[in-house]
2 protein chains.
Amino acid sequence: MRLSKRGEYGLRAMIMLAGTPEKDASLPMVQIKEISQREQISAKFLEQILLTLKNAGLLHSKMGIGGGYYLAKPPSEISLGQIFRTLDGPVAPIKCVSQMAYEPCGCPDEQTCGLRMVMGDVRNAIANILDHTTLADVAKRQSDTRKKLGIK
Amino acid sequence: MRLSKRGEYGLRAMIMLAGTPEKDASLPMVQIKEISQREQISAKFLEQILLTLKNAGLLHSKMGIGGGYYLAKPPSEISLGQIFRTLDGPVAPIKCVSQMAYEPCGCPDEQTCGLRMVMGDVRNAIANILDHTTLADVAKRQSDTRKKLGIK
DNA sequence: AAAAAGTCTATTTATACAATAGACTTTATT
DNA sequence: AATAAAGTCTATTGTATAAATAGACTTTTT
């Protein structure tokens, strides 16, 4: 049940953006280069990922000097599910239980297929977490943990 | 978060084995050929999968005429998690949250990594379902559904 | 001895993931 | 106007994994 590198890097970048405080009442803009260095990711690969996220409407960007990326919406309105699906596709382990991209699988009878029932549960469990966790939730959880540990 | 074909076929086969009633007080033995036909799976591919499951101690087999495969333990003692891990590897979406196969991922600080926290939740949600669902549970659910629908 | 089953390992093919490359566009600054 | 610093876009390559196929071998029953 692996998360791809694209998904991992994209989620990391978005989480980082959500945790970047606004400077001087301006937008919290971050460059590809900065993210790739902080997270140890190939800049070229990240570029593609952020572009995809931009085209999906989750990021905005500004070209030219002083430009960079910033969240298209407040962190509380961007769920991890949106990011995940944009980069990794459907959450469902098997197509016949996908809500966003249903396709029949090969079983003789979907209604009574035991595998389908269980995988439906798995899909729902994953989707519940990813769709109900926003970037704001993650940022808060991180800072709460830091506080609790007395770090930084 | 896809389930591989190996995983899918293996799970289907095991579920089928769990639903096969014993005939004449003998072991409920089923041949590769029969499973592959009923489930529309390449016999050669299934062969590998069942062998893997056998080597993992989940299936037993008998060679020669009248032979075939049968569950190594009662259906109530085989969880879907065991089958899944045997065929598809760790449940965790990211290595650093795997209980069975931990490996550090690249984040600067694991303790405060937001992605890791969420993926830990996802791992637990999936593992809870797969590890607490046995083949007997699946068989029961299937037959209950059939009964409710008045099928067969 | 023959037939019907599983065993084992190697090889091939297909697909998807990960990464790299390079030419192009926009914007700010000088 | 020129230059530099950013993002844009698409194509290509490399690599790993998944999926499938192949074939020679072993065991068991009749």
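Below, chain A is the first sequence line, B the second, and so on; all start at residue 1. Bear in mind that the values here come from a model prediction, so they are computed numbers and not experimental data.
- Put simply, the side chain of A:Ser98 never gets that close to the backbone of A:Lys95: no donor and acceptor are under 3.5 Å apart.
- Between the NE2 atom of B:His60 and the C1' atom of D:dT27 there is a distance of 17 Å, rounded to whole Å.
- Remark: A:Arg85 engages A:Asp131 in a salt bridge (Lys or Arg N to Asp or Glu O under 4.0 Å) (not counting sequence neighbours).
- With A:Thr133 contributing its side chain and A:Leu130 its backbone, the two residues share no donor-acceptor pair below 3.5 Å.
- Distance, A:Glu34 CD to D:dA6 P: 10 Å, rounded to whole Å.
- In summary, the side chains of B:Thr52 and B:Asn55 do not present any donor paired with an acceptor at a separation below 3.5 Å, with no hydrogens or angles considered.
- Of the possible donor and acceptor atoms, none in the side chain of A:Asp88 sits under 3.5 Å from a partner among the backbone N and O of A:Phe84.
- In this structure, CG of A:Leu50 is placed 13 Å from C1' of D:dA6, rounded to the nearest angstrom.
- Contacts between residues 35-43 of chain A and DNA chain C, counted as heavy-atom distances below 4.0 Å, involve A:Ser42.
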So which protein nitrogen or oxygen atoms get under 3.5 Å of nucleotides 28-30 of chain D's nitrogens or oxygens?
from   : atom 1 : to      : atom 2 : distance (Å)
D:dT29 : OP1    : B:Lys62 : NZ     : 3.3

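- Nucleotide D:dT13 holds its C1' atom 12 Å from the CD atom of A:Gln48, rounded to whole Å.
- In the hydrophobic cluster analysis, where Ile, Leu, Val, Met, Phe, Trp and Tyr join through side-chain heavy atoms closer than 4.5 angstrom, B:Leu58 is grouped apart from B:Leu51.
- Remark: B:His132 engages no residue in a ring-ring contact (aromatic ring centres under 6.0 Å, His included) (not counting sequence neighbours).
- Heavy atoms of A:Ile32 sit under 4.0 angstrom from primed sugar atoms or phosphate atoms, though from no base atom.
- Within the structure, salt bridge (Lys or Arg N to Asp or Glu O under 4.0 Å) pairs that include any residue of residues 71-84 of chain A do not occur (at least two apart or interchain).
- Nucleotides of DNA chain C lying under 4.0 Å from heavy atoms of chain A occupy a range whose first and last members, 5' to 3', are C:dA18 to C:dA28.
- A donor-acceptor pair under 3.5 Å is formed between the side chain of A:Gln31 and the backbone N or O of A:Gly67.
- Pairs passing the salt bridge (Lys or Arg N to Asp or Glu O under 4.0 Å) check and including a residue from residues 117-127 of chain A, sequence neighbours excluded, read A:Asp121-B:Arg141.
- Residue A:Leu149 belongs to a hydrophobic cluster whose other members are A:Ile151, with links defined by side-chain heavy atoms closer than 4.5 Å.
- Residues A:Lys54 and A:Ser61 meet the side-chain proximity criterion, which asks for heavy atoms closer than 4.5 Å.
- Interface remark: the B:Glu47 side chain does not form any donor-acceptor pair with the D:dT21 base, using a distance-only criterion of under 3.5 Å.
- Here B:Glu39 pairs with nothing under the salt bridge (Lys or Arg N to Asp or Glu O under 4.0 Å) rule; sequence neighbours left out.
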Could you list, one pair per line, each protein nitrogen or oxygen that sits under 3.5 Å from a nitrogen or oxygen of nucleotides 16-18 of chain D, together with the distance?
none

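- Clustering of Ile, Leu, Val, Met, Phe, Trp and Tyr by side-chain heavy atoms under 4.5 Å joins B:Met117 with none of the others.
- Inter-axis angle, ends of the helix from C:dA1-D:dT30 to C:dT30-D:dA1, five pairs per end, rounded to 10 degrees: 0°.
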